[in-house]
Amino acid sequence: MAQEMRATIHESLERKLNVLTDIVFYAGSVAIALLAGGLVMLVAGVSPIEAYKLIWDGAVGDANGFKETLVKATPLLFAGLCYTFAYRCGLFNIGAEGQLYVGALAGTVAALYVPGLPWYVHLPVCILAGCAGGAIWAGIAGFLKVGRGASEIINTIMLNYVAIYLVSYMVTGPMKEPGGTLPQTARLPDSALLGKLFDSRLHYGFLLAVAAAILLYFILHRTVWGYEIRAVGLNKQAAKVMGIPVNRNVLLVMMLSGAIAGIGGYAEIAGVQNRLFQNFSPGFGYDGIAVALVGGAHPLGNIGSAILFGGLRSGANAMQRMTGTSTSLVYVIQATIIILVVCNRYWFGGLKKRIIASLTARVVGRRSDARPEENVAVVLGIGEREGRS
Amino acid sequence: GGADSGGDAAEPLKVALLTPGPINDNGWNATAYAGLTLIQEELGAETAYSEKVGNSDAAEFIRGYAEDGYDVIIGHGFEYGDVMKEIAPDFEDTWFLVNSSTLSQEPNLASLSLNNSEQGYLMGSIAALMSQTGKVAAIGGSEIPPITKSVQGFELGAKETVPSIEVLTTMLGGDSDVAKAKETAISFIEEGADVVMTNANQAGLGGIEAAKQKGVLAIGSNQDQNPNAPDTVVTSVIQDYPQAMKVVVERISKGEMKAESQLLGVKEGAIYLAPFHGFEDKIPQETKDKIEAIVASLMDGVKVISNE
Amino acid sequence: METEIILETLELVKRFGSFTANDRLSLAFRKGEIHALLGENGAGKSTLMNMLSGMLSPDEGQILFRGRPVAFASPREAAREGIGMVHQHFMLIPALTVAENVALGMKQGRSPFFGYKRACAAIRELSDRFGLDVDPEKRVSSLSVGQQQRVEIMKTLFRGADFIILDEPTAVLTPPEVKELFRVLRTLKENGKTIVFISHKLKEIREICDRVSVLRLGKLIGTTDQADTTSADLARMMIGRDIQAPIRRTRESGGRVRFEARGLHASENGVRLLKNISFGIREGEILGIAGVDGNGQRELSEALLGLLPMQAGSVLLDGEELGRRHPRRMTALGVAYIPEDRQKDGLVLQMSIEENLIAKEYRSAPFSRGGIVNKRKVKLNAEEQIRKFSVKAPGPGAPVGRLSGGNQQKVILARELMLNPGVMIAMQPTRGMDVGAAENVHRRMLEARDRGCSVLLISTELEEIMTLSDRIAVLYKGELLDTMDREEAELDRIGMLMAGALPNAAEAIIH
Amino acid sequence: MNEEVVVSFLAAAIRLSVPLLLAGIGILFMSRSGILNIGMEGMVLMGALAGVVGAHYYGSMEAGLLASVLAGAFIGLVFAFLVVTTGADQVVIGTAINLLGLGLTTVFGRSLLGMGQEAVQAEGIPVIPIPILADIPYVGEALFHQNLLAYASFLLVPAAALLFYKTNWGLQVRAVGEHPLAADTLGIRVHKTRYACCVIGGMLAGIAGCSLSLGILNQFTENMAAGRGFIALSAVIFGKWTPGGTMAASLLFGGADALQLRFQSFGIQIPYQFMLMFPYLLTMIALAWFSGKGKQPAATAVPYKSLSNRSE
Ligand SMILES: Nc1ncnc2c1ncn2[C@@H]1O[C@H](COP(=O)(O)OP(=O)(O)OP(=O)(O)O)[C@@H](O)[C@H]1O
Ligand SMILES: Nc1ncnc2c1ncn2[C@@H]1O[C@H](COP(=O)(O)OP(=O)(O)OP(=O)(O)O)[C@@H](O)[C@H]1O
Ligand SMILES: [Mg+2]
Ligand SMILES: [Mg+2]
C-alpha cells in the first residue's frame, strides 16, 4: 500500500518535472536559435547585439511595442491553433494560410453584402461566415482524404495557392470597391469591425484567439469529442476498433481546424486592415506551424509561443525601421527554433531523462524498475508521430 | 499646412520611406530607394527606410517613424494610403506622402503619382513605331493601378500611333516569377510580337531576357534598362520617382507644401525617355522624329492622357 | 564428426534496461544437427538468436563460432561467417520480387549492376538442390505464407549459411506446409547444415529435432537428447512445474441461443475471405474456434463486429437480426471484443490507463455527462479496476504503453468486462502471455461464462481451445468445418480438420 | 492553331518542366529511400542563389553550377542529419527548410550580390542547338534547341531508372524505402543509404535552382522558386514514384503552364488568376484520381533507428 502511494507521488512528481524540464529546454532551444540567428547577422554584416536590443525594445520595450506584439500574435495564434488541432487528430494541416484567406474572404462577403444589421448581429454573422469559409476550404482536403485517401499535406499546400489567387481575383474583379481603382474591397461597415482594445491597434480578435485556445483545450482534454480526437490521432486503428467514427472525426477536425484559421483571417481584416486586399497575410499560416510546435502542440502552449513569434516579428519590424535590416532574418531565426525544438529529444533527451531521474530520486527515492525509452516521447508528445495512415 | 518644423535649418530633415517590395528589385521599389538616396545626397536629409512592408505591418512602421520624429514619411504605394490617412491627424508636425495615389487630407497628407497611362502611351507609341511585324506586346506584373494603367496606356499609344498594330497584353499576377515572365514574353514573341514591354519589377527582366534571346526588341519601363541588354532595349520610358520625390521633399523643407495630390507626367519632366544608347544610329531619323513629336505633344499639353 | 561443435556460447548475458532477458547462457550446437530451443513466451529465445545472428550484441559473454571467438556488429557480418536467421516476423519486402529479396545486399563481383538473370539462375539451382520450390521472378506480395518462409530460407542459403536459425517457423503454417518445411529441413541437414529450430509445439520438436535446449526466464534449464526425454519432461522443464489444466465446471446443458451467425460471406478484391459461416452460442457457453493462423480468424471477428463489410449473411442477438453493425453499436448491445493485436487494435498506448479503460463507455454516465468527461469518476474507476485485476502499474495516469504485455492485456480485459457483456468475442486472448498471466485471463473468461456470458473464443492455440471451450469448431480457409462438443472432440480429428485433411463432412450445425 | 504555335508551345513546355523535373528526380531519390521532402522549395532557392554567386565571383557558368551542386549537397546533408539521424518529423523539418531557404537567400543574396540598382549579371547556361537534330523541322526547334541543363535533366531520367532498377545500389534504395528493418538485417546500411539519397536529392535541388537562376535570367531574385518545389513533389506522386512517371508529370505541369500562358493568344478570356490556379488544381485532381493506386514507398516519413545503433 505504502509502495503504491509512493508510486503515485512519484508519478505525479515526475510528470510535473517533465513539463518543467520541457519548458526549460524549449526556452534553451529558443535561446540557441537566437544565437544562431546572431551568427547569421554577423555574417550578413549586422551587429547582433544591437539588433537584438532593437528587437527586444520593439517587442516588449514599451506598452505600445507589446501591444503591437499582441497584434501580430493574434493571427499567429489562430494559425497555430489550426495546426495544433489537426495535429492532435493525426492530421497535417499545412493549409492555414489558404484557410486564413478564404475565411477573410467569406467574412468580408458577409460584412459587405449583408447590410443594415446592428453590430451585435452583424459581427457574429461575419465571424461565422469566416469560420464557414475556412471550414469549407480545409474540408475540401479533409473530404479528399476521407473519400479518396489523398494526402492532406499536399492538398492543403495546393489549396493555399488556389485561395490566394481566388482572393486576388475577387478583389480585382467582382468585389472591387465600387468606383475605386485599387485592387481592394470597400471598407467594411463599422458594424462588422472588431473593436479596439486600450485605444491601440490591438483589437478584440486577440481575446477571441485566446478564447479559442481555451476552448480547444477544453474540447481536447475535457470532452468526449476531444477524447475521440486524441484517440484517433494516436492510434487510428484502435480508435476504429473501439467504435470511434474515424472518418467523421477526420473530416470534422479538419473543418474545425480550418474554421479557426478562418476566424483568424477575418479577425485580421476586421481588426487591423478594415478591408480585404490581395496578399494581406505575410505567411501567418506557415508561421502557425512553428507556433504550434514550440507551443508543444498544446492549445494553451500556443498562446505563449504565438506571443513569442509575434514579438519576434514586431521586434524585427522595429529593427528594420531603425537599421534597415531585412526582416527575412526572422525567417532564419524561426526555422532554427523549429529545428531545435523538434530535435530537442535527440539532443537533450538523455540529459533530460537524467535530470528528471536525479531530481525524482532526491525527492522520493530511487525506483528499481526500468524506464522504457518510449516514456520520454510519450510525455513530450513532440517529434513523435503516431497513427498516421 | 502644419508641417513646418522641417524648415529648421539647424537640424537635418528626417525622411523615412516604406516600400512594399525588396529595394533591390530593379523596378518599382528600387526607384523609391533611389529617390531616398537622392534626397539624402542632395538635400542632406537624414533618411531611413523599411522594405517589404506589407499592409498588416504598415501602421506599425508609419506610427513608429512618426513617433521617432521623422518629418516626412513616404509610403511608396497606394496601399499605404488608408493607413496614413488614419495616422496623419495624430502627428500634425509630420508630412505623410503617398506615392502612386490620389489621396490627400488636410493638413499634412499629400500624394504623388506619375501619369502611368502617359508612360504606357509613350512606350506603346515607340513600340508600334519600331515594330516590323505589326505586333507588339505588353506584360504587366501585379494587377495594381500603376501597372494596369501603363499596360492600358501602352495599348492606346500603340493603336493611336499605328492604327493597324496588333497589341498583345497580359498580367502575370505577381512580381517574383522570372521564369513565368520570360516564358510569357517568349510566347508573345512567337506569336509574332517583335517589340516587348514588361512592367513587373523583379520579374520584368525576364521579358527583356526573352527578347534578347529571341533577337527582338524591348522597351524598358520605369528605369533605364538598357544596361541589362544593350542590344535589345531600344529605350526606356522612365518614371522619375526619384526626382519627383526630391522635388516634393524640397517643397516640404521650404514650407511650400500643400496637402493635395500631385499628378506628374511628361510635362513636369517626371516621365521622359532614356537615351537610345547603341540604338541612336540604328533608328531611322523619320522614326526618331515621330517619337519626338509625340513627346513634344505631351510636353506641350496638346495631347492629354488621362490617368483615370 | 557427430560431436563436432560448430557454435558455442559462453556465459552470454543480454539486458534491456534493468531487465535481464538472457542470463549467463552457455550452449553448444553440434554440426549437422537440428537443435530445438524451447521456452515460454519471453523466455529469451529470440533474444539469444538475435545475438547469434548479429542483430543484437551481447552485454557480457562470448560466442565461439567454429572454435573462434566472434563479435558481430551487424547481421551482415554474421551472414559472412555463415550464420543466417529466419525471423519470427518475416523480413521480406512485399513490393520486390523473390530474386530481389534474396539477392538484396549481395555483390556480384565488382559490377555495380544487379545481375537479375544470374540471381534467378542461382536461386533456381538452390531451389532444386534443397527442394524449396520457389519461383525467383514472382513478387513476394503474391506468395502464400509457406512460400514466403521458403524464400526466407532461400535468403540464408543464398548467403552460404551453414548455421540456420528458424524462429517459430511453424506458427504461421498449416499442417501440410509444416510437413513440407520438415522435408526441406531434413534435406538441409543431409547437406550438412546446422539448424536451430524454435517452437512451442512439443510434437513438432519430437518429430524433427535431435537435441533440445530449454530456456526459462532467461536462464538455461538444460540440454537433452530429444530421444531421451518425454514430452511431459520437456513441459516441466519449460514451465518449472507440471501443467495443470484450469478447472472448468461443466456447463448446465440447455439455455437459449444468445449469439448467432448465419451464412456469413465476405470477400475482398475477388479473394474469398469467409464462406458460409454459421454458428450459434448459448448463454453461458464458450464456443472455441480452432485453426491455423491466417485462415480467416481476423476476418471473422471483424465481420461480426462490423469492421469488415460482408457480401451475405446475418448476425442475430437474442434471436433478433442486427442488420448494419458497427463497433459502437455492438458495444451498446453488450458485445465485448478482445482484439488479436492488443497494441494495434486494442489500446492507445500513449494514453493513460484510466483513459484506455473508458474507451468503450466514455460517452455515457458516469464517465461523461453532456459531452463532458468526469475526470474524477474516470480516475476512481481506474483505481478500482487496477485493484480488481491486479494490474502492475505505477498509477491510473501512467501511459498504457509502459506496461508489460500481460498487464496491457489485463487492461483490455478489465475494460471489456466492465461492460458486463452478454457476448464476448475473444481473439487470441493470451497471445504472448506467460503461463501465470494466461491462467488469470482464462479464469476471468470462465467466470464471465459462468455469469451467463456467451463467449466466442478464437485461438490458434489448440490447447487453449481444448481447455476452455464447451464446443469446438474448426476454421479452415474461411470456412467453418464441423462443430463438436468438447466431450466428443478428439485432438486428432481437430488437427486433421485444421490441416484441411478431411472433406467438409458436416454442415455447420446451428443449435 | 498552326504548327509554329505548337512548336513554340512544346519548346516552352519543355523549358518550364526542366526545373520541375530536376527537383522532382531529387525528391524521387529521397522518396524512394523513404524520406518525404516538403522542403524542396527552400532547397531550390538556395541552389538558385548559390549558382549566381558562384558564377558571379568566379566568372563562369561552370563555377555557378558547381556552387549550386555543392550548396544543394550541403543542405541535403543537413536535412539528412535532421530527419535520419535525429529522426525528427519530416514534414516539420521540411517546413523549416523552406523558411530557412527563403530567409537565408534573402539575407545572403544581399550581402553577397549587393543591394545595387543594377542586377548582378552572371554567365548563363548556354542554349546549345544539337547539330543535325536541331534542323529537323518543328521537332528540332522544340526539342533540340534547349539549354544544357534541359538535355541533362532529360538524360537524368533514363539514368535514374537504370540506377533504381538495374543496379545493386538502386535495389538497396528501394528496399530501404519499403522495409528498412529487413534491409538492415541483410547488412544494408539504412542510414548511409538515406544520407546518400538526401545528398543526391539536395544536389539535384541545387541544379534545379541553378536552372531557374542561371538558366533563365542569369540572376537571382528573391523567392524565385515561386512554388515549384511543391509542384515537383506533386509530380513525383503523380508519376507514381518512378523516373519516367515523374518526367511525364513534369511535362504535364510544364505543359499546363505553357498552355496557360498561351490561352490569351488563343482568345480565351479567363481571369488570369484562374489560369494561375490551374497547375495546383490539376495536382489536386490528379492526386484524388491516383490515390490508392499509387505505390508510395511503404516506409515513407517513418524514422528508422538502425540495428547497429540500437545495441549501443
Ligand atoms: N528490445 C527490447 N527491449 C526491451 N525488452 C526486450 C526487447 N526485446 C525483448 N525484450 C524482452 O526480453 C524478454 C525476452 O524476449 P524474447 O523475444 O527473447 O522472448 P522469446 O523467448 O523469443 O518469446 P516468444 O516465444 O514470445 O517469441 C521479453 O520479456 C521481452 O519483453
Ligand atoms: N521494447 C521495449 N523497450 C523497453 N522496455 C521494454 C520493451 N518491451 C518491454 N519492455 C519492458 O520490459 C518489461 C518486461 O516486458 P514484457 O512485455 O516482456 O513483460 P512480461 O514479462 O511478458 O510481463 P507479462 O507477464 O505481464 O506479459 C516491462 O517493464 C516493459 O515495460
Ligand atoms: Mg521470440
Ligand atoms: Mg510478455
Side-chain angles (χ1 to χ4, degrees), chain C residues 14-16 47 50-51 53-59 71-81 83-87 89-97 99-117 119 139-141 148 151-152 155-156 158-159 165 167, chain D residues 28-29 31-34 89 158-194 196-197 200 240-242 245 292-300 302 304-312:
Chain C
K14 182 73 198 173
R15 294 188 197 90
F16 295 113
T47 304
N50 282 336
M51 288 193 285
S53 64
M55 295 269 286
L56 293 174
S57 46
D59 293 329
F72 304 128
S74 71
R76 177 181 221 145
E77 289 179 19
R80 205 157 37 212
E81 295 284 336
I83 298 176
M85 177 157 173
V86 175
H87 293 271
H89 308 283
F90 291 161
M91 295 286 179
L92 292 173
I93 301 161
L96 302 184
T97 65
E100 286 174 328
N101 265 285
V102 170
L104 180 60
M106 300 283 289
K107 283 225 164 53
Q108 294 167 351
R110 302 190 142 265
S111 164
F113 290 99
F114 178 69
Y116 193 77
K117 294 248 162 61
R139 208 169 277 277
V140 165
S141 54
Q148 289 187 20
V151 174
E152 282 281 17
K155 268 163 71 177
T156 68
F158 194 81
R159 283 166 176 68
I165 300 162
D167 196 351
Chain D
L28 185 63
F29 269 94
S31 282
R32 273 297 190 170
S33 71
D89 191 299
L162 194 73
L163 199 61
F164 282 133
Y165 300 111
K166 296 288 174 206
T167 67
N168 287 318
W169 188 75
L171 179 60
Q172 277 184 31
V173 171
R174 285 185 291 143
V176 164
E178 291 286 344
H179 196 333
L181 180 60
D184 204 346
T185 60
L186 294 179
I188 290 167
R189 309 248 157 72
V190 176
H191 283 193
K192 210 170 122 188
T193 310
R194 288 189 167 171
C197 285
I200 294 174
K240 297 186 176 178
W241 291 271
T242 62
K293 292 178 198 161
K295 296 191 191 81
Q296 166 160 310
T300 297
V302 185
Y304 178 73
K305 223 173 166 210
S306 93
L307 287 174
S308 44
N309 288 347
R310 270 181 200 169
S311 44
E312 277 163 22

Distance (rounded to the nearest 0.5 Å) between C:F114 CZ and D:N168 CG: 7.0 Å
field: For C:R159, side-chain contact (heavy atoms from CB on, under 4.5 Å) partners two or more places apart
entry: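 Testing C:R159 for side-chain contact (heavy atoms from CB on, under 4.5 Å), a comparison that skips the adjacent residues, returns C:A79, C:M106, C:K155, D:L186.
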task: Sequence neighbours left out, what passes side-chain contact (heavy atoms from CB on, under 4.5 Å) with D:A159? Give chain and number order.
output: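 Here no residue qualifies.
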message: At a 4.5 Å cut-off on heavy atoms, which part of D:L162 comes close to chain C: side chain, backbone, both, or neither?
response: side chain
Closest heavy-atom contact between [X] and [Y]?
X: D:A183; Y: C:L104; value: CA-CD2, 4.5 Å
X: D:G187; Y: C:R76; value: O-NH1, 2.8 Å
X: C:M55; Y: D:T185; value: SD-CG2, 3.3 Å

